Amino acid sequence: MSTIQVVLPDGSSKELPEGSTALDLAQAIGPRLAKSATGARINGEVLSLQTPLKNGDEVAILTFDSKDGQYVFHHSAAHVMADAILRVRPDTKLAIGPPIEDGFYYDVEAEPPITEEDLPAIEAEMARIVKEDIPFVRREVPKEEALAHFREKGDQYKVELIEDLDDGTITYFQHGDFTDLCRGPHLPSTGKIKAFKLLSVAGAYWRGDERNPMLQRIYGTAFPSKKQLDEYLALRAEAEKRDHRKLGRQLDLFSFQSVGPGFPFFHPKGMVVMNALLDYWHEEHRKRGYGQVRTPIILDRALWEQSGHWDHYKENMYFTQIDERDFAIKPMNCPGGMLIYRSDRRSYRDLPLRLAELGTVHRHEKSGVLHGLMRVRMFTQDDAHIFMTPEQIQDEVIGVIDFVDAVYSLFGFEYAVELSTRPEKAIGTEEMWQNATDALRNALDVKGIDYRINEGDGAFYGPKIDFHIRDSLKRSWQCATIQLDFAMPEKFDLEYTGSDGQFHRPVVIHRVIYGAIERFLGILIEHFAGAFPVWLAPVQAVVIPVAPAFEDYARRVESRLFEAGIRVETDLGPDTMKYKIRNAQTQQVPYMLVVGERERENEAVSVRHRRLGDLGALPLDAFLDRLTAEIDTKALDPASNTAEQVGASS
RNA sequence: GCUGGAUUAGCUCAGCUGGUAGAGCACGUCACUCGUAAUGACGGGGUCCGGGGUUCGAGUCCCCGAUCCAGCUCCA
């Protein structure tokens with residue numbers, strides 16, 4: 001019998017009998033690998049384990065530990081779910097059912113619609129299918145045959161999908177009686193899907209277009225073992241506890257009222273955090289050569305017509321009339337910034353001119369997209385407009401990139417970068433867009449930053465670099481953005497006098513660092529699970545007398561810290577010390593200072609840290625030094641559960 | 001905006017098939033005077049989201065609206 005040689009990921013090669021499959025290879029490497037294998041990457045392509053290998057193939061066996069391996073696993077689970085749905089509800093029409101990051105979904109149309117109550121029955125059916133351990137089989141059929149098949153079944157969604165495929169041959173994957181249009185690959189058999197759970201049902205438009213009919217999307221997740229599933233579910237429960245909407249109430253930071261949907265109310269403690277963020281912001285801007293401006297909220301309609309917002313952003317804007325004159329409430333700060341630039345003659349010697357603005361904007365967001373502080377209708381952008389000569393673009397863009405990195409590193413945030421290009425609705429010439437996009441790309445390349453291209457997602461006046469922070473629920477939020485703009489200077493006829501004595505057109509960068517303060521605060525709450533670093537904590541220390549007899553000393557400690565600028569409170573009153581500690585812990589106060597007879601005698605405090613617990617007694621002065629240093633350096637909590645993320649930014 | 005779900009005390013929630021509301025926490029009073037995550041007793045507190053309708057009777061059923069939640073679409 002002749003043999004073939006295949007190359008493994010580590011560069012070594014393996015000899016196998018001719019006609020061997022990837023599964024045979026896995027078996028040859030080791031039975032445990034064969035057991036946990038989900039698929040194979042053959043010459044860079046993810047394929048099923050049943051794929052026959054050829055001489056010289058480069059083969060990697062995929063398991064659930066890799067993204068591609070998970071993809072195969074989840075994709076197969078989606079098929080099992082679809083099969084189960086059809087068994088429970090035979091009239092259901094299937095649309096699409098792909099794997100996603102933490103599981104899979106299937107979009108279906110059923111009458112009556114499938115609801116959460118149907119899930120247990122579907123899960124039970126899935127369990128049966130898994131237990132039957134049915135092999136997945138790949139088949140190829142001519143396009144015409146596939147069309148005829150799905151037309152006959154009345155599966156109009158599958159028919160549409162097939163019609164859009166250019167290939168004359170269509171791939172099916174089948175297990176038992178269930179056949180689905182699918183490129184694959186899939187697991188060898190259904191029996192590998194040991195642990196799964198259906199999580200939710202929600203509406204989703206066919207092909208993601210809101211003009212199309214709404215289907216039901218059933219979400220599920222699956223793992224090779226029960227243990228992994230349980231861990232995943234526990235993680236989800238933990239993430240829920242960090243939800244900023246929940247913590248916002250518990251920590252009394254902000255609230256929403258039904259009279260103002262999407263309009264947040266900030267409470268005193270929320271304002272302490274926000275003001276600490278803004279103090280830092282002011283200082284950083286001062287150091288980096290920014291001036292600060294403030295422009296009006298309401299401005300004449302004519303301005304918005306000139307800026308292009310009237311034509312390109314109207315559906316998101318609010319309007320009002322004053323003395324029968326039309327005004328708009330600003331959705332962006334840029335036109336105001338342009339007017340300030342234009343308020344004086346500018347020389348190349350004035351450039352770059354960096355004008356920062358904490359600009360409060362209002363945008364009419366669709367009611368269904370509002371989400372706590374993350375998506376609101378009124379928010380304050382930490383905006384800035386940098387007016388510069390074309391030669392200064394790269395340095396200025398790099399300056400902002402460095403600024404963003406400095407700020408995000410301070411919080412230990414991970415972030416991803418995207419470059420967004422010209423959208424359909426856009427102003428300015430093709431050439432302007434080309435230049436602007438190239439300039440941003442250059443800056444990113446010079447910095448050696450990895451980024452993803454986001455075609456057509458730029459602002460209507462220019463391309464942008466976006467920074468997305470991942471929150472604790474693994475959602476990604478756009479925060480910082482750097483937008484390069486050749487168009488607005490044109491529209492507002494901005495100019496500067498060059499060294500040649502001629503007038504030239506400046507270029508503008510629009511940028512934010514936090515993005516929206518509201519959203520950034522929301523992300524911070526979730527990131528720290530409410531346990532803000534000391535420099536941000538609404539209350540930095542609570543003094544707790546062990547008994548009323550020590551209240552005088554407690555007050556002395558309090559005033560000593562207060563004089564030093566510490567946000568300190570004393571918990572007086574009849575409750576027990578334990579109870580007061582519990583309260584402070586619940587409120588995530590970084591330091592609890594327990595004082596009684598021993599402390600009073602020694603002018604000391606017994607320090608309890610919210611994470612490290614009882615640290616023992618310290619002289620009051622020593623504690624104050626330590627606390628002040630922690631605040632000044634903006635240190636992260638030593639035992640914070642986010643500490644390991646420090647410096648892990650992309 | 002769309003689809004589905006939810007809305008009961010300040011908060012978290014219970015309230016079966018219709019018979020006019022309950023718990024824990026929080027709050028108040030009193031007692032306790034306490035050494036590192038809940039001392040005890042008593043007490044006050046509710047337009048059951050709003051508006052219509054069905055019914056002898058609606059927190060509960062139906063319709064309209066508001067807000068919130070999940071997802072879709074869209075964004076800082």
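Residue numbers begin at 1 in each chain, while the letters A, B, ... track the order of the sequences. What you see is a predicted model, and the numbers here were worked out from it, not measured in a lab. Below, each value reflects all heavy atoms present in this structure, side chains not excepted, and no hydrogens, waters or symmetry copies.
- Between A/Q478 and B/rC75, a side-chain N or O to OP1/OP2 separation shorter than 4.0 Å is absent.
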- request: Check the pair A/H609 / A/D637 against side chain to side chain contact (heavy atoms under 4.5 Å, CB included), numbers first and verdict last.
  value: CA-CA 10 Å; A/H609 185 270; A/D637 238 45; 3.3 Å; yes
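- Positionally, the nearest nucleotide of RNA chain B for A/L215 lies more toward the 5' end than for the other of A/L215 and A/K578.
- The residue A/V259 sits apart from the nucleic acid: no heavy atom pair falls under 4.0 Å.
- With hydrogens and angles ignored, a donor-acceptor pair under 3.5 angstrom links the side chain of A/R375 to the base of B/rC74.
- Whole-Å rounding puts the A/M332 CE to B/rA76 P distance at 7 Å.
- Two residues, A/D466 and A/D614, neighbour RNA chain B, and the one matched to the more 5' nucleotide by heavy-atom proximity is A/D614.
- Using a 4.0 Å heavy-atom distance criterion, A/E597 is classed as a base contact.
- In a base pair of the Watson-Crick type (N1 to N3 plus N6-O4 or O6-N4) or a G-U wobble (N1-O2 and O6-N3), with each distance short of 3.5 Å, B/rG19 is matched with B/rC56.
- Within the 4.0 angstrom heavy-atom criterion, base atoms lie near A/R519.
- Across the protein-nucleic acid pair, A/Q587 atom CD and B/rA26 atom P stand 12 Å apart, rounded to whole Å.
- The base of B/rC74 is not paired with the side chain of A/R363 by any donor and acceptor separated by under 3.5 Å.
- Not a single donor-acceptor contact under 3.5 angstrom links the side-chain atoms of A/Y205 to the base of B/rG71.
- For B/rU12 and B/rC68, the P atoms lie 15 Å apart once the distance is rounded to whole Å.
- The separation of B/rC30 from B/rA70, taken at their C1' atoms, amounts to 47 Å, rounded to a whole angstrom.
- With respect to A/E597 and A/R600, a salt bridge is recorded, a charged nitrogen being found less than 4.0 Å from a carboxylate O.
- Remark: B/rC25 base-pairs with B/rG10. Criterion, Watson-Crick or G-U wobble with two distances under 3.5 Å.
- Between A/S258 and B/rA66, a side-chain N or O to OP1/OP2 separation shorter than 4.0 Å is absent.
- Taking atom CG on A/D575 and atom C1' on B/rA26, their separation rounds to 12 Å, with Å as the unit.
- Atom OH of A/Y219 and atom P of B/rG5 are 17 Å apart (whole Å).
- Residue A/Y313 has no polar side-chain atom (N or O) positioned under 4.0 Å from OP1 or OP2 of B/rA76.
- The partner of B/rA70 is B/rU3, by the rule that a Watson-Crick or G-U pair needs both atom distances under 3.5 Å.
- Of the possible donor and acceptor atoms, none in the side chain of A/R217 sits under 3.5 Å from a partner among the backbone N and O of A/A202.
- Look at the P atom in both B/rU54 and B/rU47: the space between them is 26 Å, to the nearest Å.
- A salt bridge links A/E396 with A/R354: at least one charged nitrogen is closer than 4.0 Å to a carboxylate oxygen.
- Between A/F520 and the options A/F413, A/F379, A/Y280, a ring-ring contact (aromatic ring centres under 6.0 Å, His included) holds for only A/F413.
- For the residue pair A/S255 and A/Q257, a side-chain donor N or O sits within less than 3.5 Å of a side-chain acceptor on the partner.
- Taking the P atoms as reference points, B/rA58 lies 41 Å from B/rC72, given to the whole Å.
- A gap of 50 Å separates the P atoms of B/rG19 and B/rC75, to the nearest Å.
- Donor-acceptor pairing under 3.5 Å, judged by distance alone, is present between the side chain of A/R608 and the base of B/rA37.
- Between the side chains of A/E599 and A/Y553, no donor-acceptor pair is found at a separation under 3.5 Å.
- Comparing the P positions of B/rC64 and B/rU3 gives an interatomic distance of 12 Å, to the nearest angstrom.
- Note on A/K246: every side-chain N or O is 4.0 Å or more away from OP1 and OP2 of B/rC11.
- Taking only side-chain nitrogens and oxygens, A/T576 comes nearer than 4.0 Å to OP1 or OP2 of B/rU39.
- Taking atom CZ on A/F550 and atom C1' on B/rU36, their separation rounds to 15 Å, with Å as the unit.
- The nucleotide B/rG45 finds no pairing partner, because no Watson-Crick or G-U wobble arrangement with both distances shorter than 3.5 Å includes it.
- Using N1 to N3 plus N6-O4 or O6-N4 for Watson-Crick, or N1-O2 and O6-N3 for G-U wobble, each under 3.5 Å, B/rG35 pairs with nothing.
- The C1' atoms of B/rU60 and B/rG22 are separated by 16 Å, rounded to the nearest whole Å.
- Nucleotide B/rC68 holds its P atom 12 Å from the CZ atom of A/R249, rounded to whole Å.
- At a threshold of 4.0 angstrom between heavy atoms, the contacts of A/V546 include nucleobase atoms, whether or not backbone atoms are also involved.
- In terms of modelled atom types and a separation under 3.5 Å, the side chain of A/K93 and the main chain of A/V108 share no donor-acceptor contact.
- Rounding to whole angstrom units, CG of residue A/D457 and P of B/rA76 are separated by 7 Å.
- Under 4.0 angstrom from either OP1 or OP2 of B/rC68 there lies no side-chain N or O belonging to A/H371.
- Separation of the P atoms belonging to B/rC49 and B/rA21 is 15 Å when rounded to the nearest angstrom.
- Between A/W281 and A/Y290, a ring centre-to-centre spacing not shorter than 6.0 Å is recorded.
- Scanning atom types as modelled, no donor and acceptor separated by under 3.5 angstrom connect the side chain of A/E315 and the base of B/rG1.
- Nearest nucleotide to the side chain of A/V369, out of B/rC74, B/rA76, B/rU36: B/rC74.
- In this structure, A/Y579 does not count as stacked on the base of B/rA37 under the 5.5 Å centre distance and 30° plane angle limits.
- Contacts of A/V594 with the nucleic acid, taken as non-hydrogen atoms under 4.0 Å apart, include base atoms.
- Taking atom CE of residue A/M374 and atom P of nucleotide B/rC69, one finds them 12 Å apart after rounding to whole Å.
- A/R245 has a side-chain polar atom (N or O) that falls below the 4.0 Å cut-off from OP1 or OP2 of B/rC69.
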